[in-house]
Amino acid sequence: MPFVPTHPGEVVKDEIECRGITQRQLSDVTGIAYSVVNEVLNCKRPMTVEYALLMGKALDIDAMPLISMQSEYDMIKAKRSKSLSMRLSKMRKIAAVL
């Protein structure tokens with residue numbers, strides 16, 4: 001498990017910076033509100049399937065790795081959550097062991 005999980009917004013942000021595309025241009029092309037694009041690219045909002053498909057199409061990149069990256073990011077963050085860890089430790093298993 002990586003020490004610091006990578007949010008897919010970081011990848012898209014690097015990609016548009018390398019291509020000389022602004023967040024505003026990405027917003028205009030995708031139809032995603034600028035504030036939403038900014039929050040996704042700054043890791044303050046999750047990369048939804050819809051955003052991944054729209055940004056992927058605009059940048060000609062595969063959306064699936066972005067979606068997978070978001071799932072992995074969410075899983076790592078959840079596993080590191082103290083409140084969830086406490087809930088998980090208090091749960092008793094109900095699956096039958098064969």
Side-chain angles (χ1 to χ4, degrees):
M1 187 172 355
F3 182 70
V4 178
T6 302
H7 189 284
E10 294 178 64
V11 174
V12 174
K13 188 175 185 178
D14 288 346
E15 185 67 28
I16 67 170
E17 286 174 0
C18 286
R19 295 182 188 201
I21 299 169
T22 66
Q23 290 184 20
R24 178 73 61 196
Q25 288 171 314
L26 184 60
S27 169
D28 291 343
V29 168
T30 60
I32 303 169
Y34 171 77
S35 60
V36 173
V37 169
N38 181 268
E39 288 174 359
V40 171
L41 301 189
N42 287 302
C43 313
K44 295 180 179 176
R45 181 185 287 250
M47 174 72 72
T48 65
V49 171
E50 182 179 333
Y51 301 154
L53 289 168
L54 290 167
M55 291 181 194
K57 180 71 171 180
L59 299 171
D60 195 29
I61 59 175
D62 187 6
M64 195 60 184
L66 298 175
I67 296 163
S68 296
M69 191 178 293
Q70 183 66 55
S71 293
E72 184 175 354
Y73 179 86
D74 293 342
M75 184 67 78
I76 291 169
K77 295 295 268 189
K79 285 181 177 180
R80 292 182 181 169
S81 164
K82 289 183 184 185
S83 62
L84 181 59
S85 291
M86 287 176 57
R87 287 177 63 194
L88 289 170
S89 69
K90 291 178 182 177
M91 289 179 69
R92 88 187 160 131
K93 296 177 183 174
I94 60 172
V97 177
L98 299 177

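All values reported here derive from a predicted model rather than from experimental measurement. We count residues from 1, following the sequence as given.
- The two residues Ser27 and Ala33 make their nearest non-hydrogen contact at OG-C, 3.6 Å.
- A 4.5 Å side-chain heavy-atom check between Val12 and Leu26 finds at least one atom pair inside the cut-off.
- The 12-atom threshold is exceeded at CZ of Arg19, counting heavy atoms of other residues, nucleotides or ligands nearer than 6.0 Å.
- For CD of Glu50, the number of neighbouring non-hydrogen atoms (other residues, nucleotides, ligands) closer than 6.0 Å is 12 at most.
- In this structure, the separation between OG on Ser89 and CG on Leu84 is 9.5 Å, given to the nearest 0.5 Å.
- Taking 4.5 Å as the limit, every side-chain heavy atom of His7 sits out of range of all side-chain heavy atoms of Met69.
- In this structure, Leu53 CG and Met64 CE are separated by 10.0 Å, a value rounded to the nearest 0.5 Å.
- With sequence neighbours left out, the salt bridge (charged side-chain N to carboxylate O under 4.0 Å, His left out) criterion links Glu10 to no other residue.
- Sorted by first and then second residue, the pairs that involve residues 28-38 and meet side chain to side chain donor-acceptor pair (under 3.5 Å), not counting sequence neighbours, are Gln23-Asn38, Asn38-Asn42.
- Between Met47 and Tyr73, every side-chain heavy-atom pair lies at or beyond the 4.5 Å cut-off.
- In the hydrophobic clustering of this structure, Met86 does not group with Met91; members are Ile, Leu, Val, Met, Phe, Trp, Tyr whose side-chain heavy atoms approach within less than 4.5 Å, directly or through other members.
- Residue Leu41 is not grouped with residue Ile67 when hydrophobic side chains (ILVMFWY) are merged at heavy-atom distances under 4.5 angstrom, including chains of intermediate members.
- Using a 4.5 Å heavy-atom threshold, the side chains of Met55 and Ile16 count as separate.
- Leu54 and Ile21 fall within a single hydrophobic cluster, where Ile, Leu, Val, Met, Phe, Trp and Tyr are joined by side-chain heavy atoms under 4.5 Å apart, directly or via other members.
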Review point. So Leu66 and Ile61, side chain to side chain contact (heavy atoms under 4.5 Å, CB included) or not? Walk me through it.
Key: CA-CA 9 Å; Leu66 298 175; Ile61 59 175; 4.2 Å; yes
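- The distance from the SG atom of Cys18 to the CG atom of Leu59 is 11.5 Å, given to the nearest 0.5 Å.
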